[in-house]
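Notes follow once the structure below has been shown.
Remember, predicted model here, so these are calculated numbers, not experimental data. Chain identifiers are assigned alphabetically (A, B, ...) following the order of the sequence lines, protein sequences preceding nucleic acid strands; residue numbering begins at 1 within each chain.
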Number of protein chains: 2
Amino acid sequence: MSRGAGEQVVRFSLCGCLGASSLERFPEWLNHPEVELLEWRMDRFAGKFSPAEMKLFCEALRGKPRRSLIATNRPVRQMGDFTGQERLRLGMLEEAARCGAEWVDLEHDAGADNIVRLKEAGARVLLSWHNPAETPPGKVLREKLEEMAKLGADALKMATFAQTAEDNLRVLALIPFAKKEWGIDLVAFCMGPMGKWSRLASLCVGSPWTYVRLEGQYETAPGQFSARELRALLDAVVS
Amino acid sequence: MSRGAGEQVVRFSLCGCLGASSLERFPEWLNHPEVELLEWRMDRFAGKFSPAEMKLFCEALRGKPRRSLIATNRPVRQMGDFTGQERLRLGMLEEAARCGAEWVDLEHDAGADNIVRLKEAGARVLLSWHNPAETPPGKVLREKLEEMAKLGADALKMATFAQTAEDNLRVLALIPFAKKEWGIDLVAFCMGPMGKWSRLASLCVGSPWTYVRLEGQYETAPGQFSARELRALLDAVVS
């Protein structure tokens, strides 16, 4: 084999989760030095949103320089904290998109028309599916993935709960599979203590980013590494 | 889900590679504090062996306390340094077994009669297969594994060279597969820069041990972590 065969050329992105900040500190978080990307968990933000506050958040988004942003407004049915009406939930995402959020995370069951609508509002759509209880068999996962891949999103996300070590392998295998089958980027990993390593390994097999905890923010999902921990792990496992 | 579901209960073993020591320091290495297991790469030992030296090595093996030992005498056809006759090579392994080595690493093509012979000499047999150039398709890997599983060894080892990220997933999936199909332990991982993370992940999916470099010893294969590095990584990824 030639020297250099198998060398790692992938660029790794960490996505820091913002779930517990107040309006005052929002602009500062938006340019966090440890990550390439931020997820704004609108459903977990302290105080939630009045229309006036949303306007201030939007102003902060227009400020530069800042990291790219994924706006997420997770409903209770998908492990989130948003308890209001679906119409209001989607409206907040649309507003985030109009204010310049580069990505919007939309749940797998939100409907194809909402994907179109959020794209028209200017964001790329990350279509997501979470299973907080288990990891279904490979066939079920691939069928779910195919169903999602056909809806016209810009990227997909699948996160399941690992009950066994093998669960991780089944989920990680979906990443190169989605790329080959439909040319689409997939963020996929397992949650829970047995899935922790899959958050690192997902980057090694082609996930465009992985989610990390930022100091001063709480974990948004069980098993999350801090940005520093994950960066150190990456430095160690990638030559 | 109940609290504690999916918790990691596996015990992880690191196997330190001894490939460059001299007779004088051998007893000291045999009780290395950073690993649970040692691989004695007989083919790489400085000065190789005269019959008188082999006798002294054997005396060191009988000394206690020491770590469990895998005696390996890798021929050139499987990436090793041993260039002598096959009869002599196997004779050295048999002598190591008679002197108390708990394991003997035997190449996949060494023949079933030699597995029996080394077991009779008192060691457990780790049947190994290396592909330093590539990672064959899953079907080929599983066929090779099945062929090896039927020969009566106590555990199996498969190490291939990773050319793509997916290569790692195919090889790692063999570990739970071997356990389910034949109830046999498999040490499996990918070599090379793209395979580095599989040396860590292999433990997470049930490999009985992984190979590490010891300070003062050179890497015996490309991509090996040091014992300290791997222990730190394990601490980070296993809750």
Of all the residues in residues 169-186 of chain B, which have a heavy atom that comes within less than 4.5 Å of a heavy atom in chain A? B:Leu169, B:Leu172, B:Ala173, B:Pro176, B:Lys180
Ignoring hydrogens and angles, state whether a donor on the side chain of B:Arg74 or B:Ser128 is under 3.5 Å from an acceptor on the partner side chain.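 Side-chain D/A pair, B:Arg74 to B:Ser128: present.
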Who passes salt bridge (charged side-chain N to carboxylate O under 4.0 Å, His left out) against B:Arg213, sequence neighbours left out? B:Glu229
Contacts of A:Arg41 meeting salt bridge (charged side-chain N to carboxylate O under 4.0 Å, His left out) (sequence neighbours excluded), chain-then-number -> A:Asp43
A:Glu102 side chain vs A:Ile70 backbone, donor-acceptor pair below 3.5 Å: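 Flag not set: sc A:Glu102 to bb A:Ile70 has no pair under 3.5 Å.
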Looking at B:Ser198 and B:Cys190, would you say the former's side chain and the latter's main chain have a donor-acceptor pair under 3.5 Å?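 Checking the backbone N and O of B:Cys190 against the side chain of B:Ser198, a donor-acceptor pair under 3.5 Å is found.
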Sub-4.5 Å side-chain heavy-atom contact between [X] and [Y]:
| X | Y | value |
| --- | --- | --- |
| A:Gln217 | A:Trp29 | yes |
| B:Glu34 | B:Leu14 | no |
| A:Met92 | A:Phe82 | yes |

Can you check whether anything in residues 142-158 of chain A gets within less than 4.5 Å of chain B, heavy-atom wise, and list it by number? none
Out of curiosity, B:Asn114 CG to B:Leu93 CG, how far, rounded to the nearest 0.5 Å?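 The CG atom of B:Asn114 sits 9.0 Å away from the CG atom of B:Leu93.
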